[in-house]
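Labels below follow one simple rule: chain letters A, B, ... track the order of the sequence lines, proteins then strands, and each chain is numbered from 1. Keep in mind the model is a prediction, meaning the values are calculated, not measured.
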Amino acid sequence: MNYWLMKSEPDVFSYDDLVKKKRELWDGVRNYTARNNMRAMKKGDLAFFYHSNIGKEIVGIVKIVKEAYPDPTTNDAAWVCVDVAPKQKLKNPVSLVDIKANPKLANMKLVKQSRLSVSDVTKEEFEEILKMSQTSLK
DNA sequence: GCCAACGTTGGC
DNA sequence: GCCAACGTTGGC
């Protein structure tokens with residue numbers, strides 16, 4: 001089981017949009033590091049859903065329901081997408097400010113490499129954020 | 001293969 | 001809206 005963090009601008013696609021749609025393909029990624037992370041995802045892996053620009057907070061958890069396959073939004077075989085489904089909303093969102101204020105999370109990719117749209121999260125980081133959000137996994 | 005120019009992301 | 005960070009492109 002691996003953990004990830006995926007960013008989306010909520011005015012384009014929010015966590016609530018995903019809840020409404022029940023399942024969505026995560027396409028349009030055009031960055032090699034992010035792409036490599038998506039290729040490494042396994043069915044059943046969990047990812048935080050982060051709202052960039054507006055909110056700047058982790059609002060929920062999604063589950064990878066389909067592993068990497070060719071991105072239908074391009075003919076370039078270099079790019080892939082995955083399918084995600086909502087797993088659980090956090091009881092309390094965890095903001096970027098909160099994350100930066102927590103020394104245990106100082107090495108998170110979200111902080112260190114703010115532009116990376118799909119990043120990996122360690123088990124320790126994942127659990128720490130769950131704790132901060134006062135959320136227990138169902 | 002280096003590096004300058006340029007484009008994009010995202011926090012502030 | 002600005003700008004820093006950083007990835008990509010293309011000339012040499």
- Task: Tell me what A/L116 touches on the nucleic acid: a base, only sugar-phosphate, or nothing, going by heavy atoms under 4.0 Å.
- Result: nothing
- Assign the ring pair A/F49 / A/Y15 to parallel, tilted or perpendicular, where the plane angle (0 to 90°) is split at 30° and 60°. perpendicular
- Query: Can you find a side-chain donor-acceptor pair between A/T74 and A/D76 that sits under 3.5 Å?
  - Reply: no
- Task: Walking along DNA chain B from 5' to 3', note the first and the last nucleotide with an atom under 4.0 Å from a heavy atom of chain A, and give both.
- Result: B/dG7 to B/dC12
- Item | Side chains of A/L110 and A/K7 in contact at under 4.5 Å (non-hydrogen atoms) | yes
- Message: Keeping A/E125 on the side-chain end and A/T122 on the backbone end, is there a donor-acceptor pair under 3.5 Å?
- Response: yes
- Query: Side chain of A/Q88, backbone of A/S136: donor and acceptor closer than 3.5 Å?
  - Reply: yes
- Message: Within the 4.0 Å heavy-atom criterion, would you say A/K56 contacts the bases, only the backbone, or no part of the nucleic acid?
- Response: base
